[in-house]
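Convention: sequence-line order gives letters A, B, ...; per-chain numbering from 1. Below, all heavy atoms of this structure are taken into account, side chains as well, without hydrogens, waters or symmetry copies.
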Amino acid sequence: MTSLAMQRRRATARRVLTQFRNSRPGVIGFAVLLVFVIVALAAPLLADVRELNPVFARAQGNPQWAAPGTFGVLGTDHLRRSVWVQFVWGSRVSLFVGLAATVLTISIGSVVGIISGFVGGRIDSVLMRITEWFLVIPFLPLAIVLASILGRNVWNIILVIGVTSWPSTARLLRAQVLTVKQRLFVDRSRSLGAGNAHLVARHILPNVSGLILANATLAVPISILTETTLSFLGLGDPSSASWGKTLEEAFVNGAMVRNAWWYFLPAGVGILAVVLAFTLIGRTLEEIADPRLGQAR
Amino acid sequence: MLTTEQPESRGRTRFILKKMLGSLLTLVFVLVFNFVLFRIVQSDPIGSLFRGRNVPAAKIADLRTAFGLDESLWVQFWAYVRQTFQLNFGISYQSRQPVWNEIVSAIPATVALVGISAVLSALIGTVGGVIAAWRRNTWKDHAITSGTMVFYSMPDFWLGMILLVGFAVVLGWFPVGGMTDAGTSATGVALLLDRIHHIFLPALTLTLAYLGEYALVTRSSLLDVMGEDYLTVARAKGLRDVVVRNKHAVPNALLPVVTLTAINFGFVLSGAIAVEAVFSWPGLGKATADAIRGPDLPMLQGLFLLFSAAVIFFNLLADIAYAWLDPRVEGA
């Protein structure tokens, strides 16, 4: 890469950063996300993982269904486990599944979208037909069916979300690649003898990377909410409790009839905060990538 | 007159026929997909039926024959297609009743609940979006935009749990679940009131959860339109602000909202799985949630097929509505 291109890219990065810093929703979203990332990473320091084990909780002499204040910060559940510990460790699982599933979604969507848009012709129409098919299959029922067939563990959940949610990314990227492909510098590079691999790596990808990033940020909320719903319906991994799993256990074990709000409020607030944070960041990035949107919103 | 009209309507007919053919192809894809998913990936349905319990081999063999699992894949697929068109989806593992009967008996509850919520959220969301766009960057806009975004960002069933605890458990204003009071013998108006009493909280939950999308789409679509010259012209003619908004701006901004509505109606049947489970609402969603616990695979398969068919059908309707409302579509 020439140093000129390098300089230009660095300038672009600086511009994006400045614009992001000037956007209040973007900064708020980033701050909230940062807090939760720190909580998830520092989980071993904040909460004793052994407390998740009912046998350990009983041996500790924890009370059952204790309200916040009478025991710990957030009280205990039907198995005498501390809700705070579940909240802290649940943030790890929810964030991890949300991010990993998004990486898979965006990878499949980008590969399909870029190939479809760049190669065109028959491959394009076949790929787009498949994409359309996946778009009409109702997303949540498909995820439910796949998860029930594959079995209940974290990797299957990630796989299920990735496989079901890539089509919109593919369509978006194909459209963007089609417009980039028309630009003069692509023709110029091709006439200088550049091959397809070079064109995609050096001209197409750098010009759609902003869109990929914005799209990825907006895909995380969908992944997290899907994981939550699947876990709530009993398809979550029994051995690693996410926030959705906490909500399921609270529901199944009658926390609502007991008005044990401390059992199901924290996990939901956690999901809401993380989803909102990613949405705010994603919309800010989208506005920066496409300034026309900024006026419209 | 005739000469200009004819090719136009022929183009439209061709567009609709093309879309119908596409929908048919998609339906075939869903059938194949559904078959592959359940027959090949799930290699041992009988085993999952008993979940590792000790069952005599002879009984397993009998069941395999009864479910047609010993035939070749092609025979199984052909039988599957034929049965599907005869609305025969097999026997539910859990209730031992035909899947189709189970599904049919759950449809009215879901259509009532999700239908009401879909209409209410589309109306309220669109009005909210119009107000937000027209009063852009005022406190009204900020309140509507951030409010709808918060509802949009929470799991819908969690919102349901909070409303249920607040209004049913603590305040006792509403029943905690079901569609009617247990053992009620009410008829006529009393029965209707009982139903409304029961549907209120789940419908409120879904309405709040769906609102956001309509408000955001309407808002950004109207903002796009608001820069157009014809609005300046309308204002220059001295029309009042309300007339400019309702007669000139909103009709032009509604196209994406119409599409969104049609597409969302396709998801009506499958839209409320977790919320129905929270409120024990006896519809397709609760049937799905119950089938997962089994897992009751014939039931899941039938429900999945129905959900997909609904989406395909309403997508087709959306395309046709689009062709009707926007003459530019014909070229597509």
Please determine whether the number of non-hydrogen atoms from other residues, nucleotides or ligands lying under 6.0 Å from atom [atom1] of [X] exceeds 12.
{"X": "A:R92", "atom1": "CZ", "answer": "yes"}
{"X": "A:F30", "atom1": "CZ", "answer": "no"}
{"X": "B:I107", "atom1": "CD1", "answer": "yes"}
{"X": "A:F20", "atom1": "CZ", "answer": "yes"}
{"X": "B:F167", "atom1": "CZ", "answer": "no"}

Answer with side chain, backbone, both or neither: which region of [X] has an atom nearer than 4.5 Å to a non-hydrogen atom of chain B?
{"X": "A:L276", "value": "both"}
{"X": "A:T279", "value": "side chain"}
{"X": "A:L142", "value": "both"}
{"X": "A:P138", "value": "both"}
{"X": "A:V274", "value": "neither"}
{"X": "A:L247", "value": "both"}
{"X": "A:L265", "value": "both"}

Value rounded to 0.5 Å, distance of [atom1] in [X] from [atom2] in [Y]:
{"X": "B:I292", "Y": "A:L235", "atom1": "CD1", "atom2": "CG", "value": "4.5 Å"}
{"X": "B:I162", "Y": "A:W261", "atom1": "CD1", "atom2": "CH2", "value": "12.0 Å"}
{"X": "B:T26", "Y": "A:I137", "atom1": "OG1", "atom2": "CD1", "value": "9.0 Å"}
{"X": "A:L233", "Y": "B:I273", "atom1": "CG", "atom2": "CD1", "value": "6.5 Å"}
{"X": "A:L225", "Y": "B:D156", "atom1": "CG", "atom2": "CG", "value": "8.5 Å"}
{"X": "A:F134", "Y": "B:F29", "atom1": "CZ", "atom2": "CZ", "value": "5.0 Å"}

Go through the atoms of B:F33 and report whether side chain, backbone, both or neither lie under 4.5 Å from a heavy atom of chain A. side chain
Is there a side-chain contact (heavy atoms from CB on, under 4.5 Å) between B:V28 and A:W133? Walk through the geometry before answering. CA-CA 10 Å; B:V28 171; A:W133 281 340; over 6 Å; no
When only pairs under 4.5 Å are counted, which of A:L280, A:I144, A:I224, A:I130 shares the most heavy-atom pairs with chain B? A:I144
Picking from A:G268, A:A267, A:A273, which has the most non-hydrogen pairs under 4.5 angstrom with chain B? A:G268
Contact winner vs chain A - B:T288, B:D141, B:I312, B:V278, heavy-atom pairs under 4.5 Å: B:V278
Count the heavy-atom pairs under 4.5 Å between each of B:V150, B:N34, B:L216 and chain A, then report the option with the highest count. B:V150
Consider side-chain contact (heavy atoms from CB on, under 4.5 Å). Of A:L272, A:V275, A:I271, which one does B:M154 pass it with? A:L272
Does any non-hydrogen side-chain atom of B:F157 lie less than 4.5 Å from one of A:T228? yes
Side-chain contact test, heavy atoms from C-beta onward, threshold under 4.5 Å: evaluate it for B:V165 versus A:R258 and give yes or no. no
For the side chain of B:W158 and the backbone of A:F264, is there at least one donor-acceptor N/O pair under 3.5 Å apart? yes
Taking the basic N atoms (NZ, or NE/NH1/NH2) and the acidic carboxylate oxygens, is any pair closer than 4.0 Å for B:R293 and A:E248? yes
For B:A277 and A:F251, the nearest pair of non-hydrogen atoms, with its separation, is O-CZ, 3.5 Å
